[in-house]
Amino acid sequence: MPLSFAPASSEAWPLHVLSPDQVDVWIAQADDDTRNWVEASGFDGTIGAALMIPGPGGAPRAALAGYGTPRDRARVRFPLAAAVPRLAPGIYSIAGGIDDDALANECLGWLLSSYAFTRYRPGASENAGADLVPPEGVDTARIEILAEAEALTRDLINAPAADMGPAALETASRAMQETFGATLEVTIGEALIQNNFPMIHAVGRAGPQAPRLIDMRWGDTGPLVTLVGKGVCFDTGGLNLKPGSSMGLMKKDMGGAANVLGLAQAIMALELPVRLRVLIPAVENSVSSNSFRPQDILTSRKGLTVEINNTDAEGRLVLADALAYACEDKPDMLISMATLTGAARVAVGPDIAPFFTDDDGVAIALETAARASADPVWRLPFHDPYEALIEPGIADLDNAPSGGMAGAITAALFLRRFVEPGTRYAHFDIYGWQQSAAPGRSKGGLGQGPRAILGALDVVLKL
């Protein structure tokens with residue numbers, strides 16, 4: 001279902017959003033029937049609390065939603081969304097209680113509370129049908145675009161690998177191309193070798209579907225923004241086979257591709273004045289007689305040789321060829337997104353998108369935009385002294401350094417070797433998954449970083 005607001009002209013119940021310290025004040029100003037009803041209900045203003053207020057005859061005439069304390073709100077991405085599933089089906093209009101600087105994010109959270117992955121269970125939704133009339137002063141179109149972009153990302157990640165292989169990622173890209181009038185080129189199978197994408201081919205050649213590089217372009221003027229997303233549609237680990245406990249969520253290993261496609265959709269729908277390019281190396285890291293092997297040495301598009309010390313460190317290999325290709329076009333901003341390392345999860349947990357950049361201006365813009373858009377990010381360092389860890393001696397680079405330390409940083413340093421010096425570059429090592437349902441965030445696939453990136457582009461590229 002579309003994630004959209006109710007028409008502004010709709011008859012709506014007023015929704016009073018109250019913190020715990022505001023409940024008694026609000027009750028004191030209410031009529032006797034309302035006061036008695038609210039007091040009897042035990043409504044206390046905590047996050048997730050909701051109460052319908054009846055009018056004559058018992059039909060609802062207003063509603064209350066708990067907003068919690070500032071400390072409570074700091075722990076929840078979209079506090080208002082916690083109350084939405086507890087509201088009766090109908091149309092609501094926020095009657096106060098939310099600061100202006102939080103209003104847009106709370107509206108986004110409301111729309112996202114309607115998201116459900118219904119491909120295999122039509123009609124499933126946590127939202128019982130509570131719709132919102134957009135408050136005055138918010139950019140309604142932008143919020144709806146952001147919600148739809150997030151829904152696309154979630155849908156792509158949530159789909160199982162049997163239905164979201166390299167060919168399906170291509171199909172999703174073609175649908176976007178047609179919607180927005182973009183152009184699309186896809187290099188498939190042996191053509192990857194012929195066109196000098198050897199590492200994408202090596203990683204994906206054992207898969208049941210041919211590996212491919214998806215290359216989408218949109219826009220004729222403005223700075224060139226290139227997004228590179230890891231599209232490993234399922235990761236068995238290859239010959240360094242993952243244990244079953246580690247393979248259970250590997251349908252989400254194309255989360256980088258899903259995030260850049262969601263971000264690309266938002267950029268195009270918002271008609272940002274940029275030239276956009278999206279590169280997705282789409283592969284499945286499978287086990288077969290032609291799987292690439294530990295101790296193989298691959299020669300990359302850039303000419304750097306890579307010793308394979310673990311076939312389960314495959315994402316950086318496909319990204320490396322795509323990053324080298326992206327740099328041949330001299331982008332003004334280059335961003336890679338990938339579900340790349342468990343070490344990033346150890347460092348910052350599943351809720352934060354860590355990123356790497358050498359550009360302090362980009363870092364400040366991302367951090368500022370992240371706070372404003374409820375899309376938390378955290379900068380990790382391209383720590384140059386660790387460069388030696390990715391240099392095995394027998395080849396230029398090692399795809400999986402031993403030692404078990406600084407895994408997110410060494411992976412980022414590996415990728416940076418394929419980016420031309422002087423290129424404005426940021427790499428995101430995301431998780432792309434919500435482990436349990438939270439307000440506005442259903443369990444499953446998740447966008448991490450796109451809203452922060454959108455906000456930062458305005459500043460970095462002076463759009």
Side-chain angles (χ1 to χ4, degrees), residues 152-177 182 184-189 191-192 195 197-217 226-238 249-265 276-286 292 301 311-326 334-341 411 415 418 427-433 445-450:
L152 171 66
T153 293
R154 294 183 186 184
D155 281 348
L156 293 173
I157 297 174
N158 284 331
D163 293 328
M164 190 50 63
L169 264 185
E170 179 185 336
T171 298
S173 302
R174 289 195 182 280
M176 190 175 297
Q177 170 216 354
L184 190 74
E185 294 183 1
V186 183
T187 307
I188 303 177
L192 291 167
N195 289 278
F197 300 107
M199 295 206 295
I200 297 174
H201 182 271
V203 171
R205 68 193 183 204
Q209 295 180 15
R212 63 204 67 202
L213 177 65
I214 299 164
D215 185 354
M216 182 168 59
R217 293 177 184 264
T226 301
L227 310 176
V228 181
K230 174 186 170 185
V232 178
C233 296
F234 195 82
D235 181 18
T236 66
L249 278 182
M250 283 300 100
K251 71 173 185 178
K252 79 172 184 66
D253 213 22
M254 39 64 70
N259 269 262
V260 300
L261 283 173
L263 175 55
Q265 176 173 292
L276 175 66
R277 188 182 190 190
V278 178
L279 290 168
I280 296 174
V283 302
E284 184 171 332
N285 187 21
S286 297
F292 74 119
R301 179 181 184 84
T311 62
D312 196 19
E314 83 299 330
R316 67 201 68 184
L317 302 176
V318 299
L319 287 172
D321 272 355
L323 287 169
Y325 188 40
L334 175 61
I335 297 169
S336 57
M337 304 190 81
T339 52
L340 204 62
T341 69
L415 294 179
F418 296 87
H427 163 61
F428 284 76
D429 190 340
I430 63 173
Y431 190 51
W433 191 261
L446 186 70
Q448 289 187 294

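- Note that the CG atom of Asn195 and the OH atom of Tyr325 stand 7.5 Å from one another [nearest 0.5 Å].
- Put simply, the side chain of Lys251 gets close to the backbone of Asn158: a donor and an acceptor are under 3.5 Å apart.
- For Ser286, the side chain to side chain donor-acceptor pair (under 3.5 Å) criterion is met by Glu284, not counting sequence neighbours.
- Atom CG of Asp163 sits about 12.5 Å away from atom CG of Leu156, to the nearest 0.5 Å.
- At distances below 3.5 Å, at least one donor-acceptor pair connects side-chain atoms of Thr153 with backbone N or O atoms of Ala258.
- Summarising the geometry, atom CD belonging to Glu314 is positioned 4.0 Å from atom CG belonging to Asp235; distances are rounded to the nearest 0.5 Å.
- Asn285 places a side-chain N or O within 3.5 Å of a backbone atom of Thr311 that can act as its donor or acceptor partner.
- Lys252 places none of its side-chain heavy atoms less than 4.5 Å from the side chain of Met164.
- With hydrogens and angles ignored, the 3.5 Å screen pairs no side-chain donor or acceptor of Arg301 with any backbone N or O of Met199.
- The distance from the OG1 atom of Thr339 to the CG atom of Asp429 is 8.0 Å, given to the nearest 0.5 Å.
- Once rounded to the nearest 0.5 Å, the distance linking CG of Asn259 with CG of Leu446 reads 7.5 Å.
- One finds the CG atom of Leu249 at 11.0 Å from the CD1 atom of Ile157 (value rounded to the nearest 0.5 Å).
- Within the structure, every pair that satisfies the salt bridge (charged side-chain N to carboxylate O under 4.0 Å, His left out) test and touches residues 206-217, not counting sequence neighbours, is listed here: Glu170-Arg212, Asp215-Arg277, Arg217-Asp329.
- Using a 4.5 Å heavy-atom cutoff, the side chains of Leu169 and Cys233 are in contact.
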